[in-house]
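Note sheet for the following structure.
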Amino acid sequence: MAVTINTLREYKQKGEAFSVLTAYDATFAQVVSEAGVDVILIGDSLGMVLQGNDSTLPVTMEQMEYHTRCVAQGNRGALIMADMPFMTYGTVESALENAAQLMRAGAHLVKLEGTDWMKDTIRALSQRGVPVCAHLGLTPQFVNKFGGYKVQGRDEKAAEMMIEHACELVAAGADIILLECVPAPLAARITQAVKAPVIGIGAGSETDGQVLVLHDMLGITPGRKPRFVKNFLAEAGSVHEAISTYVSAVRDRTFPAEEHTFKA
Ligand code: KIV
């Protein structure tokens, strides 16, 4: 049966962890969805892992639309989430127009990076039938404001603010929260505080779901490996087995382990 937003809500209610993985083309979308991954993310990480840029900022709407169409062709029942690229949701009007393009290309929901300033945008999208995932914590589109890829929410004031923003965004209509690179205890507090399912990457094992970038978990991303990444291909006989192992490890909460987690 196809995964919907309701499936993720049921997982949260039952305390069952679900898996999310990026894919950018039809072949991987088929492999990933047939392996039991619940949500495929067409991440703007494609700007780094496919295009070789040092950030996600150069990614365009045309590129996201193209990759979303490819993924929709190969998908076998996963929920398809597409990233809105940098500055394509800077105003409510631009967000509505650009989200519509991604939904027409086959996305089931869109992901936006930011904080409380996104409330009106999320409300407008939600009221018009576009489910939204709000990405908080280390939001890569803000790398130039952060001065690098750094763990967020480390001090109590920043942690309290992130909890507040997550609650406000869910109240505005966000269906999912995604937390990137935040200390595990903070991610656990946010997961408890909101009724929406929470997906984590570098956010510990207590979020409702986990996400990784496909190239990272296959161990083929060049350069330094972030702490939260595990190479699932290293001990698997095939790409298919690596992805199935990831799905099982998320489900039984053996991934992420201590060594993939930021404590504070
Ligand atoms: O673009 C992406 O792949 C993402 C994940 C890192 C969550 O946003």
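Both backbone and side-chain heavy atoms feed into the values below; hydrogens, waters and symmetry mates do not. Atoms within a ligand are numbered from 1 in the order they appear, just like the ligands themselves.
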Gly43 heavy atoms, cut-off 4.0 Å: which ligand 1 atoms fall inside? 1 (O), 2 (C), 3 (O)

Between Phe142 and Trp117, what is the ring plane arrangement, given parallel below 30°, perpendicular above 60°, and tilted in between? tilted

If only atom types and distance count, is the side chain of Tyr246 paired as donor or acceptor with the main-chain N or O of Val20 below 3.5 Å? yes

Under a 4.0 Å N-O cut-off, is there an ion pair linking Arg104 with Glu65? no

Given Cys181, which partner from the list Thr139, Leu138, Ile201 fulfils the side chain to side chain contact (heavy atoms under 4.5 Å, CB included) test? Leu138

Atoms of ligand 1 close to His135 [distance to a heavy atom under 4.0 angstrom, numbered from 1]: 8 (O)

Of the choices Lys111, Met81, Met48, which has the non-hydrogen atom that lies closest to atom 8 (O) of ligand 1? Lys111

Which of Val110, Asp25, Ile80 passes side chain to side chain contact (heavy atoms under 4.5 Å, CB included) with Ile42? Answer is Ile80

Between Glu235 and Lys230, is the closest basic N to carboxylate O distance under 4.0 Å? no

So for ligand 1, is Asp44 a polar contact partner (N or O within less than 3.5 Å, distance only)? yes

Enumerate the atoms of ligand 1 whose separation from the nearest heavy atom of Asp83 is less than 4.0 angstrom. 1 (O), 2 (C), 8 (O)

Residue, atom and distance of the protein heavy atom nearest atom 4 (C) of ligand 1 read Leu41 CD2, 3.6 Å

Counting only heavy atoms, which portion of Thr56 has something under 4.0 Å from ligand 1: side chain, backbone, both, or neither? neither

Got a sec: does the CD of Glu259 have more than 12 other heavy atoms crowding it under 6.0 Å? yes

Nitrogen or oxygen of Ser45 less than 3.5 angstrom from that of ligand 1: yes

Counting only heavy atoms closer than 4.0 Å, does ligand 1 sit against the backbone of Thr22, its side chain, both, or neither? side chain

